[in-house]
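Please read through the structure below; I'll follow up with questions.
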Amino acid sequence: MALHSTAFCFTGVVSLPRNSVCFSQRTVRASAFSCPPLSSISRSNVQGKAFAGDALLDTKESSLVVCFGEMLIDFVPTTSGLSLAEAPAFKKAAGGAPANVAVGIARLGGSSAFIGKVGEDEFGYMLADILKENNVNSEGMRFDPGARTALAFVTLRGDGEREFMFYRNPSADMLLQEAELDFDLIRKAKILHYGSISLITEPCKSAHIAAAKAAKDAGVVLSYDPNLRLPLWPSAKSAREGILSIWETADVIKISEEEISFLTEGEDPYDENVVRKLYHPNLKLLLVTEGPDGCRYYTKEFSGRVKGMKVDAVDTTGAGDAFVAGILSQLAVDLSLLQEEGKLRDALLFANACGALTVTERGAIPALPTREAVLNVMLKSVA
């Protein structure tokens, strides 16, 4: 199936129920993917300049990553292993995949900005303060006086299934308009990062497309993490079509095993030929995350796997976003990672460590690691 040739168009606004629930379970199995041996990483490399971000952390303007999309409040149960209905209490934590990535990059010492919309309410003000506290540029953030900040309840049940319940009917992030975009901020970015949730309804969908076009025209690298959340789409079909409608415009795509199966309508995500169907002609890097098992990478010239880091997981929320922050923080200061496999592998080891550290604490943004913490855990792993 020629997925890269798929293009779709939506019109109108889709009404979403006030709450929705979906369940998905991560499947772990032996991989048939063949790759060269993992390049070794020594203590001296970790302590020295093994990572792109070390060299240019002070060049904030030239390495700016602008993250476009939703920012919301995650409510995480205080007790693990229970369903949402069984959980006795919840702890609020800032979340939303694009915002998580923006904060993650800033925590790692990089330069980031967030463009999106929240409610003109206490939660919206709280989220704006969190961006500022984490040194994320919030000039592109807007406040809607007529809609609330989005809420999401998320938990990992005892049977291993993640459970989500979203409250957005509509929420402020869905109402961002093209006229509210900060195009100057977009054009001066090195990378524009986004997901697919901002494609679900108008007017945010048009704002998303306009932001990506402005970035592309300015020579900005486009980074895409589909971040599939089925309860937010009218149907599985519309989700598949919506996600693939902008597939060909991205330069870098990060995708999970489950998302490969979804987009290919049930094909094997461990089959290299299946993955290659998702590699469109203009793509520079395709990343496939496999949780604790690490990740796979594909470019036109080379491909392989980088091992993950085993940790005791407390909450997997935000792990994928931490991984994205890890790789984009490196890529923003050294685009040659896209051509040099050794440097890319080192950057992906760093990104895997970012994801691993995040699952050791509850919540998304509260658990995102600092650069020092990541390098320390990498040192311990090679000691």
Side-chain angles (χ1 to χ4, degrees), residues 3-4 33 35-36 38-39 41 45 49-57 59-68 101-102 104-105 108-112 186-195 212 215-226 246-256 260 272 275-290 294-307 320-355 374:
L3 290 177
H4 61 261
F33 182 79
C35 67
L38 180 69
S39 59
I41 182 164
N45 278 342
K49 292 185 178 180
F51 305 101
D54 292 330
L56 295 171
L57 285 177
T59 58
K60 297 292 188 182
E61 195 76 7
S62 63
S63 62
L64 176 66
V65 180
V66 173
C67 299
F68 174 94
V101 173
I105 289 169
L108 295 170
S111 173
S112 66
I186 291 169
R187 293 187 184 103
K188 71 181 181 183
K190 188 71 161 287
I191 298 172
L192 176 69
H193 175 72
Y194 47 82
K216 195 77 169 179
D217 291 346
V220 177
V221 173
L222 300 186
S223 167
Y224 183 26
D225 175 4
I246 61 167
W247 199 261
E248 284 195 348
T249 63
D251 299 296
V252 177
I253 296 176
K254 173 262 175 189
I255 194 168
S256 70
I260 292 174
E272 185 175 359
V275 178
R276 283 290 181 183
K277 291 179 184 179
L278 294 169
Y279 198 100
H280 68 74
N282 300 316
L283 192 59
K284 295 179 176 66
L285 177 63
L286 176 64
L287 297 170
V288 180
T289 52
E290 299 180 337
C295 66
R296 284 174 274 166
Y297 59 90
Y298 298 82
T299 72
K300 288 185 177 70
E301 290 78 29
F302 51 78
S303 61
R305 166 178 278 112
V306 176
K307 69 177 181 179
D321 302 327
F323 172 89
V324 172
I327 189 61
L328 293 187
S329 69
Q330 304 293 307
L331 194 58
V333 295
D334 189 0
L335 288 176
S336 72
L337 293 174
L338 297 172
Q339 287 83 42
E340 299 183 34
E341 186 171 11
K343 291 167 71 172
L344 177 62
R345 291 180 67 88
D346 281 344
L348 290 173
L349 276 173
F350 180 86
N352 283 342
C354 291
V374 176

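Below, all heavy atoms of this structure are taken into account, side chains as well, without hydrogens, waters or symmetry copies.
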> Do Leu337 and Leu285 pass the side-chain contact (heavy atoms from CB on, under 4.5 Å) test, and can you show the C-alpha distance, the side-chain angles, and the key distance before you say yes or no?
Replying inline: CA-CA 10 Å; Leu337 293 174; Leu285 177 63; over 6 Å; no
> Considering all heavy atoms of both residues, which atom of Ala189 and which atom of Val220 are nearest to each other, and what is their separation?
Replying inline: O-CG2, 3.3 Å
> Tell me, do Thr299 and Tyr279 make a side-chain contact under 4.5 Å, heavy atoms counted?
Replying inline: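 Yes - at least one pair of side-chain heavy atoms lies under 4.5 Å apart.
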>> Are Asn352 and Lys307 packed together at the side-chain level, in the sense that at least one heavy-atom pair is separated by less than 4.5 angstrom?
In response: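 The answer is no; the side chains never approach within 4.5 Å.
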> Can you tell me how far the CG atom of Leu335 sits from the NZ atom of Lys284, to the nearest 0.5 Å?
Replying inline: 9.0 Å
> Considering all heavy atoms of both residues, which atom of Ala102 and which atom of Ser112 are nearest to each other, and what is their separation?
Replying inline: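 Closest approach of Ala102 to Ser112: O-OG, 2.6 Å.
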>> If I compare all heavy atoms of Leu283 with all of Leu286, which pair ends up nearest, and what's the gap?
In response: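 For Leu283 and Leu286, the tightest heavy-atom pair comes out as CD2-CB, 3.7 Å.
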> Do you know the tightest heavy-atom contact between Cys354 and Gly326?
Replying inline: SG-CA, 3.9 Å
> Who are the side-chain hydrogen bond (donor to acceptor under 3.5 Å, both in side chains) partners of Ser256, not counting sequence neighbours?
Replying inline: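 Residues passing side-chain hydrogen bond (donor to acceptor under 3.5 Å, both in side chains) with Ser256: Glu258, Glu259.
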>> Using 30° and 60° as the class boundaries, would you call the ring planes of Trp247 and Tyr224 parallel, tilted or perpendicular?
In response: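 The rings of Trp247 and Tyr224 stand perpendicular, inter-plane angle above 60°.
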> Leu348 and Phe323: side-chain contact (heavy atoms from CB on, under 4.5 Å), yes or no, with the steps?
Replying inline: CA-CA 8 Å; Leu348 290 173; Phe323 172 89; 3.8 Å; yes
>> For the NZ atom of Lys277 and the CD1 atom of Ile260, what is their distance to the nearest 0.5 Å?
In response: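 The CD1 atom of Ile260 is 12.0 Å from NZ of Lys277, to the nearest 0.5 Å.
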> Taking all atoms of both residues into account, what is the closest heavy-atom pair of Phe302 and Glu340, and its distance?
Replying inline: CZ-C, 4.2 Å
>> According to side chain to side chain contact (heavy atoms under 4.5 Å, CB included), who are the partners of Lys216, at least two apart in sequence or on a separate chain?
In response: Leu222, Asp251
>> Could you work out, with ring pair (Phe, Tyr, Trp, His ring centres under 6.0 Å) as the rule, every residue matching Phe68, not counting sequence neighbours?
In response: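 Ring pair (Phe, Tyr, Trp, His ring centres under 6.0 Å) check on Phe68 returns His208.
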> Given side chains that start at C-beta, do those of Glu301 and Gln339 come closer than 4.5 Å, heavy atoms only?
Replying inline: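 Side chain of Glu301 against side chain of Gln339, heavy atoms only: no contact under 4.5 Å found.
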>> If the condition is side chain to side chain contact (heavy atoms under 4.5 Å, CB included), which residues does Ala332 pass it with, not counting sequence neighbours?
In response: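 Scan of Ala332 (side chain to side chain contact (heavy atoms under 4.5 Å, CB included), adjacent residues dropped) gives Ser63, Val65, Ile191.
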> Once you round to the nearest 0.5 Å, how far does CD1 of Ile105 lie from CG of Leu331?
Replying inline: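 Answer rounded to 0.5 Å: 10.0 Å.
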> If you measure from CG on Asp346 to CD on Gln330, what distance do you get to the nearest 0.5 Å?
Replying inline: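 Reported to 0.5 Å precision, the distance equals 9.0 Å.
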>> Does Glu272 form a side-chain hydrogen bond (donor to acceptor under 3.5 Å, both in side chains) with Tyr298? I'd like the steps, not just the answer.
In response: CA-CA 10 Å; Glu272 185 175 359; Tyr298 298 82; 5.4 Å; no
> Where do Leu192 and Ala212 come nearest, in terms of heavy atoms and distance?
Replying inline: CD2-CA, 3.9 Å
>> Can you list everything that forms a side chain to side chain contact (heavy atoms under 4.5 Å, CB included) with Ala353? Sequence neighbours excluded, please.
In response: Met309, Val374, Val377, Met378
> Are the side chain of Arg345 and the backbone N or O of Arg305 linked by a donor-acceptor pair below 3.5 Å?
Replying inline: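 Pair found, side chain donor or acceptor close to backbone of Arg305.
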>> Show, in sequence, the C-alpha distance, side-chain angles and deciding distance for Leu344 and Leu338, and conclude whether the side-chain contact (heavy atoms from CB on, under 4.5 Å) test is met.
In response: CA-CA 7 Å; Leu344 177 62; Leu338 297 172; 5.8 Å; no
>> The test is side-chain contact (heavy atoms from CB on, under 4.5 Å); show your working for Ile253 and His280 and say whether it passes.
In response: CA-CA 10 Å; Ile253 296 176; His280 68 74; 4.3 Å; yes
